[in-house]
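Reading through the structure tokens given below for one structure.
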Amino acid sequence: MLGNVCGLCGRSLSSTSSLERHLRYHRGERRYACAHCPYRAVARDKLVRHLHIHTGHRPHRCHLCPFAAIQATDLRKHIRSKHPTETITPP
DNA sequence: CAGCAGGGGGCGT
DNA sequence: CGCCCCCTGCTGT
Ligand SMILES: [Zn+2]
Ligand SMILES: [Zn+2]
Ligand SMILES: [Zn+2]
């Protein structure tokens with residue numbers, strides 16, 4: 001029905017699962033704690049990403065320059081601004 | 001411009 | 001329900 005609206009903040013979520021997860025965020029279910037800093041992640045995936053920062057893992061490497069990003073999105077952003085894609089050729 | 005954290009969509013188990 | 005991928009916003013250098 002696409003009517004998954006949060007009664008706490010009024011956000012609309014696409015699926016019931018997403019809404020339930022959203023409610024968990026409101027509840028502050030940060031059960032994933034980092035072993036190197038007082039950071040506590042809301043989701044396991046976020047903790048893994050955070051751990052990459054400590055471990056120095058940089059799986060996303062730019063093939064146009066010696067830049068390495070921890071988060072995949074960061075690499076994309078880097079390419080978008082630094083190497084403004086020859087495919088769309090900017091002015 | 002680069003880095004980090006929050007939050008959402010979608011698919012598989 | 002759990003896991004993975006993607007986009008967005010804020011802050012610091
Ligand atoms: Zn809400
Ligand atoms: Zn940490
Ligand atoms: Zn690059």
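All of these numbers come straight from a predicted model, not from anything done at the bench. Each chain gets a letter, A, B and so on, in the order its sequence line appears, and its residues count up from 1.
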Is the shortest side-chain heavy-atom distance between A/Leu47 and A/Cys34 below 4.5 Å?
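They are in contact (side-chain heavy atoms under 4.5 Å apart), so the answer is yes.
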
Any heavy-atom pair between the side chains of A/His50 and A/Cys37 that's under 4.5 Å?
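When only atoms from C-beta onward are counted, A/His50 and A/Cys37 do touch, with a gap below 4.5 Å.
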
Closest listed nucleotide, where the reference is the side chain of A/Ile70 and the choices are C/dC1, B/dC4, B/dA2
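Shortest atom-to-atom distance from the side chain points to B/dC4.
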
Of the listed nucleotides B/dA2, B/dA5, C/dC4, the one nearest the side chain of A/Arg21:
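The answer is C/dC4.
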
Value in whole Å for how far the [atom2] atom of [N] lies from [atom1] of [X]:
X       : N     : atom1 : atom2 : result
A/Gln71 : C/dC4 : CD    : P     : 15 Å
A/Lys77 : B/dC1 : NZ    : P     : 11 Å
A/Arg61 : B/dG3 : CZ    : P     : 15 Å
A/Leu75 : C/dC6 : CG    : P     : 11 Å
A/Glu20 : B/dG7 : CD    : C1'   : 16 Å
A/Phe67 : B/dG3 : CZ    : P     : 4 Å
A/His22 : C/dG2 : NE2   : C1'   : 19 Å
A/Ile53 : B/dG6 : CD1   : P     : 10 Å

If only side-chain N and O atoms of [X] are considered, is one of them under 4.0 Å from the OP1 or OP2 phosphate oxygen of [N]?
X       : N     : value
A/Tyr39 : B/dG6 : yes
A/Ser15 : B/dG9 : no
A/Ser18 : B/dG9 : yes

Please classify the nucleic acid contact of A/Arg58 as base, sugar-phosphate, or nothing, using heavy-atom distances under 4.0 Å.
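Nothing, no heavy atom under 4.0 Å.
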
Mind checking if A/Thr73 touches a base, just sugar-phosphate, or nothing, with heavy atoms under 4.0 Å?
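Since a base atom lies under 4.0 Å of A/Thr73, the category is base.
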
As an exercise, state the distance from [atom1] of [X] to [atom2] of [Y], rounded to the nearest 0.5 Å.
X       : Y       : atom1 : atom2 : value
A/Ser15 : A/His22 : OG    : NE2   : 14.0 Å
A/Lys82 : A/Phe67 : NZ    : CZ    : 8.5 Å
A/Asn4  : A/Leu23 : CG    : CG    : 10.0 Å
A/Ile70 : A/Thr55 : CD1   : OG1   : 8.0 Å
A/Lys46 : A/Leu51 : NZ    : CG    : 13.0 Å
A/Arg11 : A/Cys6  : CZ    : SG    : 8.5 Å

State which residues pass ring pair (Phe, Tyr, Trp, His ring centres under 6.0 Å) with A/His52; sequence neighbours excluded, sorted by chain then number.
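A/His52 satisfies ring pair (Phe, Tyr, Trp, His ring centres under 6.0 Å) with A/His57 once adjacent residues are dropped.
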
Between the two end axes of the helix from B/dC1-C/dG12 to B/dG12-C/dC1, each built from 5 base pairs, what angle do you get to the nearest 10°?
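One end's axis against the other's: 0°.
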
Please list residues of residues 42-52 of chain A whose heavy atoms come under 4.0 Å from any atom in DNA chain C, ordered by number; otherwise none.
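Correct list: A/Arg44, A/Asp45.
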
Indicate, with yes or no, if the rings of A/His78 and A/His83 have centres closer together than 6.0 Å.
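Yes: the rings meet the under 6.0 Å criterion.
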
